[in-house]
Student: 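Here it is, the structure, as structure tokens.
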Amino acid sequence: MDRSGFVKLSVVAFGLVILSFFVRGFSQLAFGRGVADVLQAPVAIVGFGLLVYLFVRATLDAVGLWEVEESESES
């Protein structure tokens, strides 16, 4: 994974976490709290899991165990 892919994946992860709050809010208005929890959970778990993976990957890069490659610029 290069740095641009890392940044794109982090934007997707934060987007999923924010989307889970919107899903919960709108589905709670439409269907109730129990259904809202069920609809929010998969989106929140995937987003949070991606954030945990990216945190571990960035930590391993900082330590020097698993390098995140530099982006190759296309000329």
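Only heavy atoms go into these numbers, but all of them, side chains included; no hydrogens, no water, no symmetry mates. Since we're looking at a predicted model, the values are computed, not measured.
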Student: With rounding to the nearest 0.5 angstrom, report the OG to CD1 distance, Ser20 to Ile45.
Tutor: 10.0 Å

Student: So, for Val17 and Gly47, which heavy atoms are closest and what is the spacing to 0.1 Å?
Tutor: CG2-C, 3.8 Å

Student: Looking only at heavy atoms, what is the nearest atom pair of Leu39 and Val43, with distance?
Tutor: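 Closest pair (atom of Leu39, atom of Val43, distance): O-CG2, 4.3 Å.
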
Student: Evaluate side chain to side chain contact (heavy atoms under 4.5 Å, CB included) for Arg57 paired with Val68, printing each intermediate quantity in order.
Tutor: CA-CA 8 Å; Arg57 183 76 193 264; Val68 175; 4.0 Å; yes

Student: Under 4.5 Å between side-chain heavy atoms, counting indirect links through other Ile/Leu/Val/Met/Phe/Trp/Tyr residues: same cluster for Phe6 and Trp66 or not?
Tutor: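 Hydrophobic grouping puts Phe6 with Trp66.
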
Student: Taking everything shown except Tyr53 itself, do over 12 heavy atoms lie less than 6.0 Å from its OH?
Tutor: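 Check passes, neighbour count above 12.
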
Student: Test of understanding: clusters of I, L, V, M, F, W, Y form through side-chain heavy atoms closer than 4.5 Å, transitively. Do Phe14 and Phe48 belong to the same one?
Tutor: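 Not linked; separate clusters.
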
Student: Find the distance between OG (Ser4) and CD (Glu69) and round it off to the nearest 0.5 Å.
Tutor: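 So the OG of Ser4 and the CD of Glu69 are separated by 10.5 Å.
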
Student: Would you name the heavy atoms of Phe55 and Thr59 that are closest together and state the gap between them?
Tutor: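 Minimum heavy-atom separation between Phe55 and Thr59: O-OG1, 2.8 Å.
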
Student: Flag the pair Arg3 and Asp61 as a salt bridge only when some basic side-chain nitrogen lies within less than 4.0 angstrom of an acidic carboxylate oxygen.
Tutor: yes

Student: What's the spacing between Leu19 CG and Gln40 CD if we round to 0.5 Å?
Tutor: 10.0 Å

Student: Is there a path of hydrophobic side-chain contacts, each under 4.5 Å between heavy atoms of I/L/V/M/F/W/Y residues, joining Leu51 to Ile18?
Tutor: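 Result: no, two separate clusters.
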
Student: Please round to the nearest 0.5 Å and tell me the distance separating atom CZ of Arg24 and atom CG of Asp37.
Tutor: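 If we round to the nearest 0.5 Å, Arg24:CZ and Asp37:CG are 4.5 Å apart.
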
Student: Take Met1 and Leu9 through the test side chain to side chain contact (heavy atoms under 4.5 Å, CB included) and record every step on the way to the result.
Tutor: CA-CA 10 Å; Met1 172 186 308; Leu9 197 57; 3.9 Å; yes

Student: Hydrophobic clustering (ILVMFWY, side-chain heavy atoms < 4.5 Å, transitive) - are Val23 and Leu16 grouped together?
Tutor: yes

Student: To the nearest 0.5 angstrom, please state how far the OG atom of Ser10 sits from the CG atom of Leu54.
Tutor: 6.0 Å

Student: Is Val7 reachable from Val52 through a run of hydrophobic residues whose side-chain heavy atoms are each under 4.5 Å from the next?
Tutor: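 Val52 and Val7: separate clusters.
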
